[in-house]
Every structure is written in structure tokens, then in C-alpha cells.
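Counting starts at 1 for both ligands and their atoms, in listed order.
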Amino acid sequence: MSKMTIVVLLSVLLFSACGSSKSVDLLSPNGEIAFNLEVNENGQAFYKLQTNKNQIFSDSRLGMELHEDSLFTDGLRIINVVRNEKNENWKPVWGPNETIPEKYNELIVSLKNHENNDLKLYVRLFDDGLGFRYEIPQQNGIDSINITKELTEFNFAQNGTAWSIPANFDSYEMLYRTTQLSEVPDANTPITVKMESGYYVSIHEANLTNYAGMTLKNTGSTNFQANLVPWPDGVKVKAKGSLQSPWRTVMLCKNAADLVESNLIQNLNEACAIPDTKWIQPMKYVGIWWGMHLGVETWTPGPIHGATTDNMKKYIDFAADNNIQAVLAEGWNTGWENWGKPRAFDQVTPYPDFDFDEIVSYAKSKGVELIGHHETGGDYIFYEESMDKAFSKLHDNGIRVVKTGYAGPIPNGQFHHGQKMVQHYRKVVETAAKYHLMVDAHEPIKATGISRTYPNMMTREGARGMEWNGWSEGNPPEHHVILPFTRCLGGPIDYTPGTFDILYKNRKNYIKWNSNDKGNSRVNTTLAKQLALWVCLYSPLQMASDMISNYEDQPAFQFFVNLPADFEESKVLAAEIGDVYAVARRKASNWYIGAITDENAREIDLDLGFLDADKKYVATIYSDTENTSLNENPTEIKIFKKAVDSKTKLHVKMQNSGGQAIEIREAEK
Ligand code: NOJ
Ligand code: CA
């Protein structure tokens, strides 16, 4: 008899003997994290989370309020507990690592309320954190489910430093606040906390499917409660028959590097649902994009229209010459003149100066892929009507990637992050899979690991990305050293690093088009940091964001030329949230390192102990110089080679908001 069967049998025996239990415990596989579920005398359910040294969450409420007959708030009793465990490795189609360990202990707790309605709680404890989800199983007496409130709480046992963005229901494009946890009024997830005890905790959700996005609300001191994004009528989640919530996730690590290396979110998603994944391939890309954000080109036709046949050909040639697989064109299709109006964008008709067929055949002749672009302005209703037509146009022309956009309000009082839009974003991914299309979503729903199930969901924005540098005061230096520990814990980010003309010295005759533009726009990093961001901010569709004219005669661009689009192994080398981040990624026997700092200049030593001890290597180093300075001289960079091996401690010197990018290859014998 297996160990698992014995555990299951024991719990069944235990429960048939006592009839009902009030408390259940679960330990992580390494025994260091303990979860406890308790139902009090009023039938209210609470959980606690602790390590063998510290309390993480004190009593935190569980349950949900339904606005029909049945309530899963009070009067609950535990009627059965099943225990399982899993210890397996799986292989993603792409990702920063080629193998992912999945090891957890599980509890499945069946509860009943006063009226004998059933609620199930699934709890999984990993060595790096917790996931739990609710299920309302199909049952007599519950037909339509309308959740008016999820009671889930995360009551931190101590204060700490928190990195959070506000709980906006329409946008994640905000700057992170670094505050005491107790001072966070509300937040979107992931929210990351360094507790006073030193533990790093990040709260998020996994497998957000047919449910509303979760935000958090401070209910006093360091206590937080789930606050789901509502429908226009105030109901949070609507379902027929049965329902499963997303997993509520709590990463729990001893240091910030372990947060980044955690696979908790992906592990709480279902296995791949696409049988043939050969058409799904990571790519690097450039595109007709930055010129519009800078105000020197337009999405609409006219004298400075960006997406013209000639311009596209230049981008295709550039991609072909520089080991870049794909080219994006925005403003290729009619409708941009109606941006903001309903049914604005026609996703199939090109503008007259964009010869679609000619561009498709030119790209093909050069061995370069095209990335289709579908801005919707938020009009998901019209997009759903057009989707099949629009996707087959791409597919029929051999196009494998579509970038989507929802820049504008969602019709009929819906929010970007509510259940309706969660359904829509998923519909796009599933329909795209049918047409063998990979998706890069802007103004998306947050990343919750669904790429495990739908690996054509490659990357998404969902953060203040590069575009903000074009027409606002820009993203501050600390932004890049917060993202890996917050937004990026959910999954890949289409931040689009790689702007080389940092102070916009080459920008001539620009036309202000965005109301956030106060005339002080720039990129708030050095050039070396831009290179490093290509490694630090992982994306299986990785863009070099600048206009290609700004890459001419730029030796530093060689780093992007050589960079692979995907990796086999990744190791975090330095990590302190909001201060510093360095990561090394391997493809075959080559390694690529990105190191970045906040507004402070910094020196760090990178231990190259991960290199093969029997081999000699050469590092090509792209570094800030003594004279590089964020304000006056951000683009100065030095590129040099250095012999390294597994014993090397590489001394990395970064200027304010600087960085370093390193390519390590085996030395020729
Ligand atoms: C916002 C997106 O983030 C950006 O990448 C795109 O260029 C514009 N919307 C227009 O679609
Ligand atoms: Ca955006």
C-alpha cells in the first residue's frame, strides 16, 4: 500500500469515528511550513500559517457570501478530509527553466453549512508557500451562484515593508509604493512584503479562470481581505451549477531571490491543454512602435505614418540582418482615427499605404515573421465579433503572433479586471490557439500562470512599461528593481526594454499627443541597464523597443543580436527588492547575465560558481563607465572581454540607475 493511500485511509477512519472535526493541520514537504484550518463555535472557518520559527498569518477568515439562499459564511462544519501528495517534474514549452519541480502536500476539506450545502476547500503546501481554492460543487438547491463577497483574509502576524500598486480595477500601469504594510490601504496582486521577522511573502492568485480578479483591502493594521472586482450590478462572480475559485497564493521565502525562483504560480495551474505545441516558439522582435510613443510617427495615415510598406521593409531587413525573428507593426489597420469610439478598429483592412500582401511576401523572402496587432480600445464586444475573421487573416498569411490592446474603457460599465473580461481574455487565448497564434496581451488581465495550460499565452504587459517613458516623467530607477519581485512573479512581462536614445537627442519635430506629457520625458536608466533589462525582465517575446535608426553604429546592440529568445536554466545572483537584482540565464553552454541597480550607484560581486568547473570561458562585458551618469551622460558604455571560470567572482560596478550585461561563452580551445 502506498504512503498516500495510508494517509487517505487514516483520515477517512478518523472522520467516520468523530463525525466532525474542528481543526486540520498540513505541513509542507520539508516540514518547515504549517497550515492550520479551524472552524469555531459559530461555524466560521479560519486558517493560520506559520513556519517552524515564526507566525506568518494569524487567524484569517475563509468562506464566501452568496446572495441567494445559501451562505458559506457561518454554520460551517468539516465533514471529510482527504490528504494527497505530489512530487514530480514537468517541462514547460518555453520558459526561463526547462524543468520545473512540483512538490506539495494537499488537503481536500469538505464542509457543509446549516442547510447542508457543500463547499470544498483545496489546500496545497509547497516548500515555498501556500495555495488554496474554494469549490462549490454541483448540488441540489444551488443553481445560479452569485458571489457577493469572498471572505478570504490574509492577516499578517507582523508589520513589514510592502511593495504594492493600488487596487485599480482597470489598470496595473502604476508605480510601486514602498511603505509599511500597515500603511497599504488597498492593493492589486502580486503584493510583496518583507516581514519584520525577515520572511518574504508575496500574495497573488493562480489560474484565474472564469472568476473576478482579486484585489486586497486593508481591514485594519496588517490585516487584508480579498476584494473582488465587481460586475456593473455589484455582484462579484456569477456561475451556473458549480464553481472553482482561482488559487489564493502565498509565496513564503527566506530571501528575495527565492521568490523569483519560486514556481508556485505555474504549479497551481493545469497541465498543457494544447496537444501539438511545435508552432509555439519564443522570438525576439523589433517593430514600428516607439516612434508613435515618441510623437515622431503616427498610428494614423498622414505625412508621418509609421506603418508604411517602405518602413516595414526596412524593419524586416534589419531583423533579418540581426538575428531577430519577428517584426511588429502598429497602425497598419484602419480605425485609429476613431480610437475612443465604439466599433472603432477594423482588424482586417490595412491602410492604403500598408501593402499587406507585399509585406507578407517580403518578410517571407527574408525569413522574418510578422506580428499582427489588434488594438481594441477596450471594445471587447466588437473584438469578439471580429476575432475569427481577424485571426484567420493572420493565420492564412503565415503570421504566428498577435499583440492585443485594450487601451480604453470597457463598454457597459465593466472593468478590465472583472469576471466578464477574464472570460474574454481567455476566449482570445483559446481562439488564438485554434488559429496557431501566440498572444502578447497589453492592458491584459494579470498573469496567473495560465501559460502552463495555454503556452500560446506568451507574454503580457500589465505594468508601467517602456511606453510611459515616451510621454510622461518616465519610470523611476527603482521601478526595474521592484518589478522582478512583484509583477513578474505572475509570469513574463512585455516591458519592451532597449531604448538606446535615452535622452531623445535624435527626436526631431515631435508632436505632443499624450496628456501625461509634461515635456520632461526620458528613459531614467543608463544604456548598460537597458541591455541588462533584456535578461532581468524575462519575456518569451522579447522586444528591442527603439526605432531601428537608433541601433545603427551601436556596438552595444550586439548583446541583443547574440541573446537567445529562450533559456534552459536561470539563477538569481543578487536580489534585494527595490535596490538590486542580478540574474544569469543559460542557453546551451552560454550564459547571459543582467545586473541592475536603483537610483544608487552600486558595486556587487557575482559568483560564477554556476559555470562548468572543467571549462574556461570568455565574458563579453557591457558596462557603465566612470563617466557614465544618469543625468548628463547615460549612454556611455564600455565593452570589453575577460577570461572567467567557475572560480571567478566578477566585480560589477554600476552607476546610478545603471547596470551591466554580460555574455559568457566557452573559450575556444
Ligand atoms: C498601449 C500599449 O501598451 C502600447 O504598446 C500600444 O502601442 C498602444 N496601447 C496602442 O495600441
Ligand atoms: Ca499599456
_With carbon and hydrogen excluded and only N/O/S kept, which atom of E443 is nearest the Ca ion (ligand 2)?_
OE2
*Specify the protein heavy atom at minimum distance from atom 9 (N) of ligand 1: its residue, its atom name, and the distance to 0.1 Å.*
E375 OE1, 3.6 Å
*Find all atoms of ligand 1 within a distance of less than 4.0 Å from any non-hydrogen atom belonging to H373, and give their numbers and elements.*
11 (O)
*asked:* Test of understanding: given a 4.0 Å heavy-atom threshold, classify the contact between W336 and ligand 1 as side chain, backbone, both, or neither.
replied: side chain
*Determine, using heavy atoms of E443 and all atoms of ligand 1, whether some pair is separated by less than 4.0 Å.*
yes
*For atom CG of N520, is the number of surrounding heavy atoms from other residues, nucleotides or ligands below 6.0 Å larger than 12?*
yes
*Looking at R460 and E443, does any basic side-chain N land under 4.0 Å from a carboxylate oxygen?*
no
*Is W299 close to ligand 1, meaning an N/O of one under 3.5 Å from an N/O of the other?*
no
*Which atom names give the shortest non-hydrogen contact between L541 and V439, and what distance separates them?*
CD1-O, 4.5 Å
*Heavy-atom nearest neighbour in the protein, as seen from atom 3 (O) of ligand 1, with distance rounded to 0.1 Å*: H442 ND1, 2.7 Å
*Which residue owns the protein heavy atom closest to atom 4 (C) of ligand 1, what's the atom, and how far is it?*
E467 OE1, 3.5 Å
*Which pair of non-hydrogen atoms, one from A528 and one from Y622, has the smallest distance, and what is that distance?*
CB-O, 4.0 Å
*Of all N, O or S atoms in E173, identify the one at the shortest distance from the Ca ion (ligand 2).*
OE2
*Any idea which part of E330 is under 4.0 Å from ligand 1, heavy-atom wise: side chain, backbone, both or neither?*
side chain
*For W289, take its heavy atoms, then give the atoms of ligand 1 lying under 4.0 Å from any of them.*
4 (C), 5 (O), 6 (C), 7 (O)
_Can you tell me which residue among K284, K364, R400 is in a salt bridge (Lys or Arg N to Asp or Glu O under 4.0 Å) with E369?_
R400
*Numbering as shown, the atoms of ligand 1 that approach E461 to under 4.0 Å (heavy-atom distance)*: 3 (O)
_Where A407 and W339 come nearest, the two heavy atoms and their spacing_ = O-NE1, 3.1 Å
*What heavy-atom pair brings L531 and F559 nearest, and what distance separates the two atoms?*
O-CE2, 3.6 Å
*Face-on cation placement of K393 at F356 ring, 6.0 Å and 45° thresholds*: yes
_Non-hydrogen atoms of I577 and A256 that approach each other most closely_ = CG1-CB, 4.0 Å
*Decide yes or no for E337 and W299: does some side-chain heavy atom of the first lie under 4.5 Å from some side-chain heavy atom of the second?*
no
*Check E467 and report its N/O/S atom nearest to the Ca ion (ligand 2), by atom name.*
OE2
*Taking atom 5 (O) of ligand 1 as the reference point, the nearest protein heavy atom with its distance*: K403 NZ, 2.7 Å
_With respect to H293, determine whether any N or O atom, backbone or side chain, lies less than 3.5 Å from an N or O atom of ligand 1._
yes
